[in-house]
**Student:** 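The structure follows.
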Amino acid sequence: GIDNVEANDIRSEEQRVNCGCEVKNGRVRPTELKMAPSLDFSNWWPKDARKGTPVVVKMENPNYSVVEIDGPDAAFRPVEKSRGKNAKQVTWVLLLKAHRAVGCLAWIASLFWALLGTIKKRLIFRQDVAMASEKLGKGKLLFTVIKAFLVTSLTILAFEVVAYLKGWHYFRNPSLHIPRSTDIQGLLHLVYVTWLSVRADYIAPPIQALSKFCVALFLIQSVDRMILSLGCFWIKYKKIKPRIEGDPFKSDDVEGSAYEYPMVLVQIPMCNEREVYEQSISAVCQLDWPKDRLLVQVLDDSDDESIQYLIKAEVAKWNQKGVNIIYRHRLVRTGYKAGNLKSAMSCEYVQAYEFVAIFDADFQPNPDFLKQTVPHFKDNPDLGLVQARWTFVNKDENLLTRLQNINLCFHFEVEQQVNGVFLNFFGFNGTAGVWRIKALEESGGWLERTTVEDMDIAVRAHLNGWKFIFLNDVKVLCEVPESYEAYRKQQHRWHSGPMHLFRLCLPAIITCKIAIWKKANLILLFFLLRKLILPFYSFTLFCIILPLTMFVPEAELPVWVICYVPVFMSFLNILPSPKSFPFIVPYLLFENTMSVTKFNAMVSGLFQLGSSYEWVVTKKAGRSSESDLLASAERESKIMNQLQIQRGASESELTELNRLKEQKEAAPVPVKRVNKIYRKELTLAFLLLTASVRSLLSAQGVHFYFLLFQGVTFLLVGLDLIGEQMS
């Protein structure tokens, strides 16, 4: 359009230069050819940067339009929408971001306020909380010691804070500086200096010696864990696992095909298992095995007659369906589970069976369990045990079950699998396994001398030359304890029994005719390192020496002992259950807290104290898998639909419906469950919190912030985890 502008319309030379034009033959022309060579620097600046000064050419003739020119190519560039932002839009964006930030702060504040309200409700007013009752004399001495230690630590912490505020920083230097008598500023200062001298000369040396010993044990146990983890990685890399050659149940001879299925005995020991008896009996009776080659023994030690009647009715129901099942109840209930199994194996008809599978009352095997385990015995006469892995139906029920799942996944996938592949020996887990009956008989059968009859029979079978196989791919559903009380009793039995067994088996291990390396593995690794040293150093190092560093900073533990190595080992423990990585810190802290119970159990078993032979049945909740719940709901809906359809057809169906309604109304109202506060564990948690604060005041470095975080987490775990968790 500028080509048609008359030269007279741009009167001055200055205007012509500014608009980039020239006059030629009385016409205005763009001066593109006479301009200096154009250099395109547009990619040097952002797109929003405007180049040059905009010039508006205003024509006096109303027939011409107004053109805005930013440069020679400005008319040909597309218009960008982002250049239209104004102050209002920026203000709204800032307001939205501020609203989000305020909402996040409000959520954090409400969460913190709810936590404080819960603490006030449970600990101060004790609403919906029952204090855990201890047996007379049991645990009171330890609780008294912890309480006294806590009061002393708080007193000395306050004293250290006063010294810190007054500038008495004698503990800052690695070499303790004791001031001269002329520098002492009063009685309080004199007491403090005397305490420093006593601490440096008499208290610090024995603590340092004990800490070095525990750190050495800690490193040995960490090396053992690393070797087990490397063995597991090697198994995964090489894809090593027990395999079944061919199809052991395939036979061309139809008449002789029955001989491909050996005679199998299935035992279900139980005692007052009201919540889970139906699930286990139902799962075992649905095993895919010829009916004439299978016998199920329900070994009921219940002392409640109502539970006995329920179990008898369940057995009768499956017996009518054609399952070969027997109910046994002992009149003389001695020896706990070992006595129950021993009594069942003494029956005459057991001699006709070659293998025995054992399932506890809360275990639910898949129908193909026997077909995945029994074939491994074929053409392997030295094989005595095939152990399957546990999997947990309630592992996500609460934080306690999640932490147990971490430990048990490492136990099965790493410890059991590695020992099974490289050593052909591991501890029998007491359930979800198949034994060759000949191996049981040659090893002495079930003995009632300890509360870990499963480990007892495994050690004796290993000494007699029998081999074991662990199947990590064969999984059996079961439960883990959902309450801290049940978990604590279970852990006490699991840690006191092995030490009691070690005292009894040590002479037999030394005198037996097996290889020396097998004896060394049994004594040094299986019993001493994993059953004795682990609870000892964990309790001594993290529950005694760490709190003592509040008073004795000269014996302070290095950062790699209290931070780096434990975190690394916790990562190794969590690897078999990668979904549990968010719980690594609670897992680390909870294991340190549980070391008190494990150490107490280890000592009672080693010295054969009264509680070493105490058997308490682990309380179960009767959780079912999702498929079981769906099938049960479907069966219930079908029954109710049939009754509703036939209600008007016959009087008997109406009577049946009324009977079901009466039973539903007469059902007992479930007792409201309350949380329990365990004072001993809470006191220990607060003690470790105090130790962390003291360490933070007395030293430099980022690891003390980790200690502070450790103490806070201990307190939170003590408030909401160590107290009994109920859904």
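Every value quoted in this text rests on a predicted model; they were computed, and no experiment measured them.
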**Student:** Below 4.5 Å, heavy atoms only, C-beta onward: do Ser604 and His492 meet side chain to side chain?
**Tutor:** yes
**Student:** Rounded at 0.5 Å granularity, tell me how far CD1 in Ile509 sits from CZ in Phe527.
**Tutor:** 5.0 Å
**Student:** Can you establish whether the number of heavy atoms outside Ile516 located under 6.0 Å from its atom CD1 is more than 12?
**Tutor:** no
**Student:** Are any side-chain N or O atoms of Ser496 and backbone N or O atoms of Ala601, one a donor and one an acceptor, separated by less than 3.5 Å?
**Tutor:** no
**Student:** Tell me the salt bridge (charged side-chain N to carboxylate O under 4.0 Å, His left out) pairs involving residues 399-409, sequence neighbours left out?
**Tutor:** Asp396-Arg402
**Student:** Can you run down the salt bridge (charged side-chain N to carboxylate O under 4.0 Å, His left out) pairs that involve residues 581-593, sequence neighbours left out, and say none if there aren't any?
**Tutor:** Glu591-Lys598
**Student:** How about Phe428 and Met455: do any of their side-chain heavy atoms sit closer than 4.5 Å?
**Tutor:** no
**Student:** For Phe213, does the CZ atom have more than 12 heavy-atom neighbours from other residues, nucleotides or ligands under 6.0 Å away?
**Tutor:** no
**Student:** Which pairs would a plain distance check flag for residues 531-544, meaning a side-chain donor or acceptor within less than 3.5 Å of a matching protein atom at least two apart in sequence or in another chain?
**Tutor:**
residue: Lys531; atom: NZ; partner: Phe526; partner atom: O; Å: 3.4
residue: Tyr537; atom: OH; partner: Gln221; partner atom: OE1; Å: 2.9
residue: Thr540; atom: OG1; partner: Phe536; partner atom: O; Å: 2.8

**Student:** Which residues pass the ring-ring contact (aromatic ring centres under 6.0 Å, His included) test with Phe410, not counting sequence neighbours?
**Tutor:** none
**Student:** Just grab all the side chain to side chain donor-acceptor pair (under 3.5 Å) pairs involving residues 515-530, residues at least two apart or on different chains.
**Tutor:** Asp224-Arg530
**Student:** Mind jotting down which residue pairs meet the salt bridge (charged side-chain N to carboxylate O under 4.0 Å, His left out) criterion with at least one end in residues 567-585? Sequence neighbours excluded, please.
**Tutor:** none
**Student:** Do Ser483 and Lys489 come within less than 4.5 Å of each other through their side chains, counting heavy atoms only?
**Tutor:** no
**Student:** Just how far is it from atom CD of Glu554 to atom CD of Glu556, taken to the nearest 0.5 Å?
**Tutor:** 9.5 Å
**Student:** I need the Leu525 CG to Leu423 CG distance, nearest 0.5 Å.
**Tutor:** 8.5 Å
**Student:** With a 3.5 Å cut-off and no angle check, do the side chains of His495 and Asn600 form a donor-acceptor pair?
**Tutor:** no
**Student:** How close do Pro205 and Ala200 get, counting heavy atoms only, and between which atoms?
**Tutor:** CD-O, 3.8 Å
**Student:** Evaluate side chain to side chain donor-acceptor pair (under 3.5 Å) for Glu482 paired with Asn398, printing each intermediate quantity in order.
**Tutor:** CA-CA 7 Å; Glu482 297 181 7; Asn398 54 41; 5.2 Å; no
**Student:** Which residues pass the side chain to side chain donor-acceptor pair (under 3.5 Å) test with Arg503, not counting sequence neighbours?
**Tutor:** none
**Student:** Let's go through Asn429 and Gln416 carefully: what are the C-alpha distance in whole Å and the side-chain angles of both, what is the deciding distance for side chain to side chain donor-acceptor pair (under 3.5 Å) to 0.1 Å, and is it a yes or a no?
**Tutor:** CA-CA 10 Å; Asn429 295 116; Gln416 298 289 77; 3.0 Å; yes
**Student:** Find the distance between CD1 (Ile457) and NE2 (His462) and round it off to the nearest 0.5 Å.
**Tutor:** 13.5 Å
**Student:** Run the ring-ring contact (aromatic ring centres under 6.0 Å, His included) test against Phe581 and tell me which residues pass, sequence neighbours left out.
**Tutor:** Phe571
**Student:** Working to the nearest 0.5 angstrom, can you tell me the gap between Leu548 CG and Ile207 CD1?
**Tutor:** 4.5 Å
**Student:** For the pair Val223 and Ile227, evaluate side chain to side chain contact (heavy atoms under 4.5 Å, CB included) and give the outcome as yes or no after the intermediate values.
**Tutor:** CA-CA 6 Å; Val223 171; Ile227 293 175; 3.9 Å; yes
**Student:** Could you go step by step and tell me if Ser222 and Phe218 meet the side chain to side chain contact (heavy atoms under 4.5 Å, CB included) rule?
**Tutor:** CA-CA 6 Å; Ser222 300; Phe218 179 37; 3.6 Å; yes
**Student:** I'd like to check the ring-ring contact (aromatic ring centres under 6.0 Å, His included) partners of Tyr587; sequence neighbours left out, ordered by chain and number.
**Tutor:** none
**Student:** Looking at residues at least two apart in the chain, or sitting in another chain, which of them share a side chain to side chain donor-acceptor pair (under 3.5 Å) with Asn405?
**Tutor:** none
**Student:** How would you list, by chain and number, every residue that makes a salt bridge (Lys or Arg N to Asp or Glu O under 4.0 Å) with Arg460, sequence neighbours excluded?
**Tutor:** Asp456
**Student:** Take the angle between the ring planes of Trp390 and Phe392 and call it parallel below 30°, perpendicular above 60°, tilted in between.
**Tutor:** perpendicular
**Student:** Name the atoms and distances for all side-chain donor-acceptor pairs under 3.5 Å in residues 228-236, with sequence neighbours left out.
**Tutor:**
residue: Ser229; atom: OG; partner: Arg225; partner atom: O; Å: 3.0
residue: Lys236; atom: NZ; partner: Glu413; partner atom: OE2; Å: 3.0

**Student:** When rounded to the nearest 0.5 angstrom, what is the spacing between CE in Met226 and CE in Met569?
**Tutor:** 7.0 Å
